[in-house]
Amino acid sequence: MKTPIERILDMPMRHKLLYSSLLIAFIPALIIGGILVARTRSYMTEKTEQSLREDMQVMSSGLSDQMQRLTVVLENLTHNETLMQAFSVPGRRMYERYEDFTYYVDPLLKNTLAYNPEIHSLLIYTELNIPARGGCNEPLAMLEGMPWFAEIFDTHAAAWHQVGDELWLVKPMLNLSGYAYVRNLVVLSVSRQWVIGAINNLSGDKAGPYRWRIADAEQNVVFEYASGEIGDEEHTLWQQMPID
């Protein structure tokens, strides 16, 4: 029985030329085809990542708008004269405190929560020696162990911080002029699940997976979230959203 090589050698010359020509033509076509497939795959991967990055940028802008709106809510509270009157003036009589909280402070905070259902809690931490009222005010000393406590009173700027399963937006309250300085801190919190829900609502049916990172102006990460199964770090798409 002849081997394949022997069969080729026994072929007529015209068959050898035909098969040789086909082989010579097939090899470059195979090489070119492989190159085209690789380039097409690379192009499609690049376009998919570019599309995902654009989608994430839109999502980032949407989430940033929502968080900025909460910052405006907090800023309005820290500049509210009713709150400043209740928390900046020491030595007020008991009935005056009662009127402050019953007719002004409590309704103001409750209305803020009612109009902003994404807010999980809203508290004022004060160093005034007044009784704590659930859902309204707590002693400022409760926050002294927080790593950002001292800095927040130096900068007097609104800042986001992750505390447990919540994101806190904190800012010192202004004082009424003419009175000794009293430290008060307004704390607005949203749950981690609200942030994740907002991201998912904004993403809709967009492709994944991706990682989400929220960082402040100093690049301190205050929130991270991974969507779906994440592979190697180098193949992960990050969206880092700065917040003021």
Side-chain angles (χ1 to χ4, degrees), residues 59-60 62-80 83 86-87 105-106 108-128 130-175 182-202 210-227 230 238-244:
M59 293 158 57
S60 175
L63 182 59
S64 180
D65 289 344
Q66 294 186 46
M67 298 182 76
Q68 183 59 38
R69 186 179 63 79
L70 292 177
T71 302
V72 172
V73 171
L74 185 75
E75 293 280 357
N76 290 337
L77 291 173
T78 60
H79 290 75
N80 184 279
L83 294 181
F87 289 96
V105 177
D106 285 349
L108 175 61
L109 298 183
K110 288 178 180 178
N111 286 337
T112 301
L113 290 171
Y115 283 105
N116 302 276
E118 65 272 31
I119 299 177
H120 182 255
S121 65
L122 182 58
L123 288 170
I124 299 171
Y125 291 82
T126 180
E127 64 181 2
L128 279 181
I130 57 177
R133 296 167 62 92
C136 180
N137 65 283
E138 296 287 351
L140 185 65
M142 293 177 61
L143 301 182
E144 289 181 351
M146 295 294 182
W148 39 263
F149 181 81
E151 181 182 359
I152 198 70
F153 286 102
D154 290 336
T155 63
H156 282 266
W160 287 91
H161 300 281
Q162 184 163 357
V163 180
D165 290 331
E166 295 182 333
L167 277 180
W168 285 16
L169 179 60
V170 300
K171 187 179 189 300
M173 184 191 299
L174 293 179
N175 266 51
V182 177
R183 294 188 304 174
N184 297 293
L185 194 64
V186 184
V187 178
L188 178 159
S189 74
V190 296
S191 69
R192 177 181 175 86
Q193 288 305 313
W194 174 81
V195 181
I196 295 174
I199 293 172
N200 290 335
N201 288 338
L202 289 167
Y210 52 82
R211 292 184 189 270
W212 201 279
R213 169 188 290 168
I214 300 176
D216 60 21
E218 284 73 36
Q219 302 302 309
N220 298 312
V221 177
V222 299
F223 178 85
E224 286 191 51
Y225 169 61
S227 167
I230 301 296
W238 283 90
Q239 177 62 35
Q240 179 158 308
M241 190 186 82
I243 53 177
D244 296 328

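- Pairing each heavy atom of Ile152 with each of Phe149, the nearest pair is CG2-O, 3.0 Å.
- No side-chain heavy atom of Leu140 sits under 4.5 Å from any side-chain heavy atom of Leu128.
- A distance of 14.5 Å separates NZ in Lys171 from CH2 in Trp160, rounded to the nearest 0.5 Å.
- Considering Leu123, Ile130, Val105 as possible partners of Asn137, the one that fulfils the side chain to side chain contact (heavy atoms under 4.5 Å, CB included) test is Ile130.
- In this structure, the side chain of His156 engages the main chain of Phe153 through a donor-acceptor pair within 3.5 Å.
- The closest donor-acceptor contact from the side chain of Asn116 to the backbone of Ile119 lies at 3.5 Å or more, if one exists at all.
- To the nearest 0.5 Å, atom CG of residue Leu108 and atom CG of residue Asn80 are 5.0 Å apart.
- Residues Ser191 and His120 share a closest heavy-atom pair of N-CB, 4.2 Å.
- In terms of heavy-atom proximity, Phe87 sits nearest to Val182 at O-CG1, 3.7 Å.
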Verdict with supporting geometry, Leu77 and Leu122, side chain to side chain contact (heavy atoms under 4.5 Å, CB included): CA-CA 10 Å; Leu77 291 173; Leu122 182 58; 3.7 Å; yes
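- Expressed to the nearest 0.5 Å, how far CG of Leu143 lies from CD of Glu138 amounts to 9.0 Å.
- Within the model, atoms CD of Glu75 and CD of Gln68 stand 8.5 Å from one another, a figure rounded to the nearest 0.5 Å.
- We find the CG-OG1 distance between Leu188 and Thr71 to be 8.5 Å, quoted to the nearest 0.5 Å.
- Atoms OG1 and CD1, on Thr78 and Ile124 in that order, are 10.0 Å from each other to the nearest 0.5 Å.
- The main-chain N or O of Arg183 is found under 3.5 Å from a side-chain atom of Glu127 such that the two form a donor-acceptor pair.
- Heavy-atom minimum distance, Ser189 versus Ser121: OG-OG, 2.5 Å.
- For the pair Met146 and Val163, the minimum side-chain heavy-atom distance is below 4.5 Å.
- Using a 4.5 Å heavy-atom threshold, the side chains of Leu74 and Leu70 count as separate.
- Note: Trp148 and His161 have parallel aromatic rings, judged against thresholds of 30 and 60 degrees for the angle between ring planes.
- The number of heavy-atom neighbours closer than 6.0 Å to CG of Asp165, taken from other residues, nucleotides and ligands shown, is 12 or below.
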